[in-house]
Amino acid sequence: MSHNIAYSTADKADVLAYLGSNGNLTADQRRSLDGMRKDAQAHQDDLDHQGVDWGLSIPDALDHLIAGRADSDAECAGNAYNSALQHIIDHNASDPYQLGTYSKPSTFFGLVDDEMRRLGVPADLLPHGYLYGGPPDDFPHIRHSMDGYPAVGHLPLAKTKPAADAYRAVLDQMDPDFRYDVQELIEKLDFEHDEWERATRDVDWYTQDTLFFKLT
């Protein structure tokens with residue numbers, strides 16, 4: 001089974017505002033929450049059509065996160081919580097872009113990490129670490145999904161240029177099997193850095209600070 005990795009940019013504070021809010025939100029945030037609930041229900045309807053039962057529905061998982069809890073003991077509750085969190089991110093983030101589709105992305109990027117580590121790339125810039133690292137540390141703890149997917153990853157936008165530069169410095173020394181995908185990652189990180197730098201300089205209201213990854 002193949003897995004898709006997409007990404008978007010957001011202000012993590014905008015996402016955090018919903019977690020544990022208990023509905024104490026602005027009018028605009030409440031309207032966004034209505035949209036999240038509609039998307040969560042549509043997602044759940046699709047799972048129901050497929051006969052997939054996680055033991056916790058995505059709309060209920062969303063309500064749990066809004067209430068500040070993620071304590072369901074359902075075996076696959078992590079799947080529902082990660083899906084619900086992604087709906088919150090989606091409604092507070094830029095349009096998504098595709099990083100790629102991989103048959104075994106965790107295995108592939110684990111091997112990329114091993115190669116980069118051997119070549120001296122700092123541990124905090126290794127791609128598997130941020131693709132599979134979950135939400136930011138100041139977010140509430142959410143269990144991992146059963147079998148690893150869906151999953152949420154993140155990278156501060158301030159680290160996109162250091163990461164791209166570190167990968168570029170070792171690209172020619174890497175195993176040829178990794179170079180195409182790493183080059184693609186470099187180009188995407190360069191683009192996101194340039195957009196972040198431009199918007200931070202030129203747009204007064206711009207506050208986005210985090211690159212969020214969606215693995216499904």
Side-chain angles (χ1 to χ4, degrees), residues 3-21 25-26 28-29 31-36 38-40 43 62 65-66 81-102 105-106 109 112-113 121-122 124-140 142 145 149-168 181-216:
H3 295 282
N4 184 63
I5 304 177
Y7 62 93
S8 55
T9 56
D11 182 338
K12 69 175 183 177
D14 290 344
V15 180
L16 262 175
Y18 291 87
L19 305 178
S21 68
L25 301 165
T26 67
D28 284 344
Q29 288 171 327
R31 282 191 289 271
S32 290
L33 180 56
D34 287 343
M36 295 172 204
K38 289 177 182 177
D39 288 351
H43 192 169
L62 177 60
L65 295 181
I66 299 303
Y81 286 131
N82 277 278
S83 295
L85 176 59
Q86 190 60 59
H87 285 300
I88 297 174
I89 293 169
D90 288 347
H91 278 264
N92 288 278
S94 65
D95 291 338
Y97 292 91
Q98 298 300 309
L99 178 61
T101 300
Y102 300 85
S106 182
F109 283 104
V112 170
D113 274 17
V121 173
D124 64 327
L125 300 180
L126 298 173
H128 189 282
Y130 56 77
L131 292 174
Y132 287 88
D137 290 342
D138 45 357
F139 278 44
I142 295 176
S145 296
Y149 300 92
V152 173
H154 80 282
L155 179 70
L157 281 164
K159 287 190 173 182
T160 51
K161 182 174 180 1
D165 288 347
Y167 304 166
R168 190 180 293 109
D181 295 274
V182 173
Q183 180 62 50
E184 288 284 300
L185 185 54
I186 290 169
E187 291 174 5
K188 289 175 170 61
L189 292 174
D190 278 338
F191 175 81
E192 293 302 333
H193 167 77
D194 291 345
E195 288 294 296
W196 173 66
E197 188 176 59
R198 178 196 59 77
T200 301
R201 181 185 65 241
D202 299 338
V203 182
D204 290 342
W205 51 263
Y206 183 88
T207 59
Q208 293 186 352
D209 56 10
T210 305
L211 196 60
F212 284 99
F213 295 91
K214 176 181 181 179
L215 297 90
T216 55

For [X] and [Y], which heavy atoms make the closest approach, and how far apart are they?
| X | Y | value |
| --- | --- | --- |
| V182 | V112 | CG2-CG1, 4.1 Å |
| V121 | A166 | CG2-O, 4.0 Å |
| G100 | Y102 | C-CE1, 3.8 Å |
| D39 | H91 | OD2-NE2, 2.7 Å |
| L189 | A163 | CD1-CB, 3.9 Å |
| A17 | Q29 | CB-NE2, 3.6 Å |

Could you give the distance from [atom1] ([X]) to [atom2] ([Y]), rounded to the nearest 0.5 Å?
| X | Y | atom1 | atom2 | value |
| --- | --- | --- | --- | --- |
| R168 | E187 | CZ | CD | 9.0 Å |
| I5 | L99 | CD1 | CG | 5.0 Å |
| K12 | Q208 | NZ | CD | 14.0 Å |
| L16 | T210 | CG | OG1 | 9.0 Å |

*Can you name the residues that form a side-chain contact (heavy atoms from CB on, under 4.5 Å) with D28, not counting sequence neighbours?*
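D28 satisfies side-chain contact (heavy atoms from CB on, under 4.5 Å) with T26, R31 once adjacent residues are dropped.
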Can you check whether [X] reaches [Y] side chain to side chain, under 4.5 Å on heavy atoms?
| X | Y | answer |
| --- | --- | --- |
| I66 | M36 | no |
| K161 | W196 | no |
| F212 | N92 | no |
| Y18 | L65 | no |

*Going through the checks in order, is the side-chain hydrogen bond (donor to acceptor under 3.5 Å, both in side chains) test met by E192 and T160?*
CA-CA 7 Å; E192 293 302 333; T160 51; over 6 Å; no
*Can you name the residues that form a ring-ring contact (aromatic ring centres under 6.0 Å, His included) with H43, not counting sequence neighbours?*
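In terms of ring-ring contact (aromatic ring centres under 6.0 Å, His included), with neighbours along the sequence ignored, H43 is linked to H87.
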_Atom OH of Y206: over 12 foreign heavy atoms under 6.0 Å_ =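 Check passes, neighbour count above 12.
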*Hey, is CG on D202 packed in by over 12 heavy atoms from elsewhere, all under 6.0 Å?*
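More than 12 heavy atoms, drawn from other residues, nucleotides or ligands, come within 6.0 Å of this atom.
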*For Q86, which of I88, I89, N82 qualifies under side-chain contact (heavy atoms from CB on, under 4.5 Å)?*
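Of all the options given, the one that passes is I89.
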_N-O pairing of E184 and K188 below 4.0 Å_ =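 K188 and E184: salt-bridged.
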Using modelled atom types only, decide if a donor and an acceptor are shared between the side chain of [X] and the backbone of [Y] within a distance under 3.5 Å.
| X | Y | value |
| --- | --- | --- |
| S94 | T9 | yes |
| H154 | L211 | no |
| S145 | P150 | yes |

Show me, pair by pair, the donor-acceptor contacts under 3.5 angstrom made by side chains of residues 126-135, not counting sequence neighbours?
from	atom 1	to	atom 2	distance (Å)
H128	NE2	S106	OG	3.0
Y130	OH	Y167	OH	3.0
Y132	OH	S106	N	3.1
Y132	OH	Y149	OH	2.6

